[in-house]
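Notes to accompany the following structure.
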Amino acid sequence: MNIFQMFWEYRTYFASGIQYTLLLAAIGVVCGFILGMLVSLLRMSRFRILRFIGTVWVEFLRGTPMVVQLFIIHYGLVSVGIKFTPIESGAITLTINSSAYLAEIFRAGIQGVDKGQAEAARSLGMTGGMTMRHIVLPQAVKSVLPAIGNEFITIIKESSIVSFIGVTDLMYQAQAVNMITYDFLTPLLIIAAIYFVMTFTLSKLLGLFERRLNTDDHR
Amino acid sequence: MITVKDLHKSFGKLNILKGVNIEIAKGEVVVVIGPSGSGKSTFLRCLNLLETPTSGEIKFEGESITDKKHDINLTREKMGMVFQQFNLFPHKTVLENITLAPVKVKKMPQAAAEKIALELLQTVGLADKKDAYPTQLSGGQKQRIAIARALAMQPHVMLFDEPTSALDPEMVGEVLEVMKKLAEGGMTMVIVTHEMGFAREVGDRIIFMDGGQIMEEGTPSQVFSNPQNIRTKDFLSKVL
């Protein structure tokens with residue numbers, strides 16, 4: 001059976017895998033983005049205790065393997081009475097893990113915005129929050145867009161670890177197909193191609209978005 | 001209108017301001033001159049608390065703004081500031097730069113804010129640039145927009161922090177022209193500048209600062225033609 005025949009024969013497996021992979025990646029990207037922004041603000045807070053919490057969050061999540069985090073959340077927390085479905089565990093792990101990386105990216109972006117920008121906004125009577133929202137963050141996000149794009153692509157790829165806890169994502173389906181067919185190579189080549197199409201499309205879309213922003217103000 | 005009492009500011013061990021006292025009246029144009037490192041910019045930035053004074057008191061329209069309980073954002077609405085580096089918001093158009101604060105801070109309807117903005121653009125001679133982004137403008141144009149942006153909040157006083165120091169020489173004139181018009185309109189202004197000709201022409205009072213203190217003050221003719229302090233004489237002999 002060649003690669004195309006296998007893809008067609010087991011298309012429902014792959015299609016369902018794509019759904020879960022995309023779902024988890026989308027949750028990881030969106031929630032990780034929001035949470036990452038909050039964590040980056042914690043890390044730059046005036047209050048030492050908040051900065052400490054932010055730092056611990058980032059260092060712990062960057063410094064331990066994601067599989068370990070996933071197992072702690074899915075299997076470990078059961079022993080203290082917290083039980084999640086595999087999808088929930090996967091979504092939580094991807095979100096908190098990407099939030100740590102994104103927080104560092106945002107922090108670099110925010111600190112890279114010229115101090116004069118915030119001063120000008122404050123001198124007009126804007127509060128610290130307004131200044132962050134309307135002046136600093138838009139410029140910060142824009143300057144770190146390529147790095148954010150990298151992180152999004154990483155999330156799509158790394159989402160494959162959720163197959164370990166039984167989420168029926170692409171990786172899981174490839175294993176299911178090779179159990180049925182005893183072919184260990186072809187299903188993996190098929191999902192490799194699917195992952196590549198997803199990340200490549202995303203990277204092109206981000207490139208387009210970046211250029212759109214750049215033509216906006218010619219910076 | 002503004003009363004400053006025994007203002008001190010230090011950065012770590014470095015004492016920048018060592019007891020500044022000044023009273024600024026409504027409608028007055030005060031020009032602060034002095035060598036670099038004399039603390040004149042720091043003094044100006046203390047007036048709207050962009051720098052937090054180490055000690056001393058600043059009163060604005062009768063209220064102590066250095067009081068911990070005072071909401072400085074309310075005061076800043078009434079104090080416009082123009083920076084050496086313009087600090088226009090690069091991700092917003094000229095019109096958005098001007099209308100942002102009135103709409104967000106003063107909760108002015110967008111249409112009303114735009115009307116004010118367009119009038120101000122007319123005043124600074126840049127009505128045709130309303131949809132441009134800051135990077136499409138020359139330095140002089142940027143600074144005139146920055147002035148319009150500050151004026152859009154309808155401030156009671158305008159602070160200028162070396163507004164022409166980052167400009168190419170041929171663009172200094174257009175910015176000073178706008179400032180002169182503003183002064184003639186009765187705006188209270190505090191200007192830190194190296195433009196001595198402008199200081200002499202437009203200033204009601206000249207303040208000479210050195211070493212974190214006011215060394216001499218008086219009318220332009222007093223300070224420029226007949227300086228009393230030895231350091232004022234020395235400084236003026238170098239710059240005039």
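In what follows, chains are A, B, ... by sequence order, proteins preceding strands, each numbered from 1. What's counted below: heavy atoms across the whole structure, side chains too, no hydrogens, waters or symmetry copies.
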So what's closer than 4.5 Å to chain A heavy atoms on [X]: side chain, backbone, both or neither?
X: Arg149(B); result: both
X: Met153(B); result: side chain
X: Phe83(B); result: side chain
X: Glu77(B); result: both
X: Leu49(B); result: neither

Highest number of heavy-atom pairs under 4.5 Å with chain A: which of [options]?
options: Asp71(B), Asn48(B), Leu50(B); value: Leu50(B)
options: Val82(B), Thr75(B), Leu159(B), Leu88(B); value: Leu88(B)
options: Gln84(B), Met79(B), Arg45(B); value: Arg45(B)

Option that, when pairs with chain B are counted at under 4.5 Å, heavy atom only, ranks first among Gly116(A), Gly128(A), Pro138(A):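 Option with the greatest count: Gly116(A).
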Parallel, tilted or perpendicular: rings of His156(B) and Phe60(B) (30°, 60°):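 The rings of Phe60(B) and His156(B) sit tilted, inter-plane angle from 30° to 60°.
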Quick one about [Y] and [X] (side-chain donor to acceptor, distance below 3.5 Å, no hydrogens or angles considered), yes or no?
X: Glu119(A); Y: Asn87(B); answer: no
X: Ser16(A); Y: Gln173(A); answer: yes
X: Ser41(B); Y: Asp161(B); answer: yes

Proximal component of Met126(A), with respect to chain B [non-hydrogen, under 4.5 Å]: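 It is both, since atoms from each part get that close.
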Residue of the set His70(B), Glu57(B), Lys59(B), Lys69(B) for which side chain to side chain donor-acceptor pair (under 3.5 Å) holds with Ser64(B):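 With Ser64(B) as partner, side chain to side chain donor-acceptor pair (under 3.5 Å) holds for just one option, Glu57(B).
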Over 12 non-hydrogen atoms of neighbours within 6.0 angstrom of CZ in Phe4(A):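 No.
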Residue pair Trp57(A) / Arg43(A), side-chain heavy-atom distance below 4.5 Å: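 A side-chain contact is absent here, since even the closest heavy-atom pair is not under 4.5 Å.
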